[in-house]
Amino acid sequence: MFELASKQAWLGLGGNVGDVEANMASALQMLDANDDIELLKVSPIYKTPPWGVTDQDWFLNGAAKIATRLQPKQLLEVCLAAESALKRQRTIRWGPRSIDVDLLVYEGVEQSTSTLTLPHPRMHERAFVLKPLADIAADLIVYGKSVAEWLSACDVADIEDFPTAQDWYLPKGDA
Ligand code: GSY
């Protein structure tokens with residue numbers, strides 16, 4: 001854990017094109033390789049029905065907690081750079097994607113700018129965000145309630161466990 005001036009932040013990960021588990025693992029390894037980011041906790045992966053455009057493949061979703069010395073905007077840029085490195089293409093809004101790395105919550109920050117709203121404005125309504133996030137941050141307060149409380153108001157009936165190794169996000173070979 002960083003000694004000084006670090007903040008905690010929570011990320012949502014997902015995708016539905018290609019080897020999404022590998023892409024999510026690569027994204028987390030890229031973040032952890034940044035000198036100003038430390039990976040603290042990673043959730044299991046879930047298979048989740050598509051939200052938004054429903055006529056597309058199911059997604060895999062996960063969540064992670066990090067410590068960071070970056071400011072929110074800098075952290076967002078690092079997340080977007082990881083997506084680009086993994087060949088994420090922005091085509092249809094709410095459409096298929098190889099990887100999403102969403103900044104959900106940044107400790108102590110509530111803001112709304114043209115590029116970044118924190119906490120993420122729709123996270124508390126989305127089972128695919130809350131289900132993995134609850135595994136690593138059930139008591140985190142977002143928009144006035146805990147992640148566990150928001151999750152209990154969601155329909156999670158269709159969400160499935162996605163079997164992986166416990167350390168699915170580590171480089172293969174370190175496992
Ligand atoms: O950032 C959200 C991308 N996305 C997802 C997702 O990650 N999971 C599910 N289940 N549906 C989604 N629809 C969109 S857009």
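It should be emphasised that the depicted structure is a prediction, and the values quoted were computed from it without experimental measurement. Whatever order the structure lists them in is the order used to number ligands and atoms, beginning at 1.
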Query raised in the report: Looking only at N/O atoms, are D102 and ligand 1 under 3.5 Å apart anywhere?
Result: yes
Query raised in the report: N/O to N/O below 3.5 Å, does that happen between F128 and ligand 1?
Result: no
Restricting to non-hydrogen atoms, name the atom on [X] and the atom on [Y] that form the minimum distance, rounded to 0.1 Å.
X	Y	value
Y106	Q71	OH-CA, 3.9 Å
P49	I159	CD-CG1, 4.2 Å
Y46	P132	CE1-CA, 3.7 Å

Query - Hydrophobic cluster identity match, L116 and L80, side-chain contacts under 4.5 Å - result: yes
Report task. Look at the side-chain heavy atoms of Ile, Leu, Val, Met, Phe, Trp and Tyr, link any pair under 4.5 Å apart, and say whether L11 and V109 land in one connected group. Result -> yes
Ligand-residue contact atoms, ligand 1 with [X], heavy atoms, under 4.0 Å:
X	result
P50	10 (N), 11 (N)
D100	1 (O), 2 (C), 3 (C)
P49	9 (C), 10 (N), 11 (N)
N61	6 (C), 7 (O), 8 (N), 9 (C), 10 (N)

For ligand 1, does [X] get within less than 4.0 Å through its side chain, its backbone, both, or neither, judged by non-hydrogen atoms?
X	result
V53	neither
T48	both
V129	neither

Among all protein heavy atoms in this structure, tell me which lies nearest to [atom], with the distance rounded to 0.1 Å.
atom	value
atom 5 (C) of ligand 1	F59 CE2, 3.4 Å
atom 13 (N) of ligand 1	W51 O, 2.8 Å
atom 15 (S) of ligand 1	W94 CA, 3.3 Å

**Report entry** Sole candidate of V142, L133, L140 that passes side chain to side chain contact (heavy atoms under 4.5 Å, CB included) when paired with L104
**Finding:** L133
Requested in this report: Decide side-chain hydrogen bond (donor to acceptor under 3.5 Å, both in side chains) for N23 and S98; before the verdict, give the C-alpha distance in whole Å, the side-chain angles of both, and the deciding distance to 0.1 Å.
Outcome: CA-CA 7 Å; N23 287 343; S98 54; 4.5 Å; no
Query raised in the report: F59 vs F128 aromatic rings, parallel, tilted or perpendicular, using cut-offs 30° and 60°?
Result: parallel
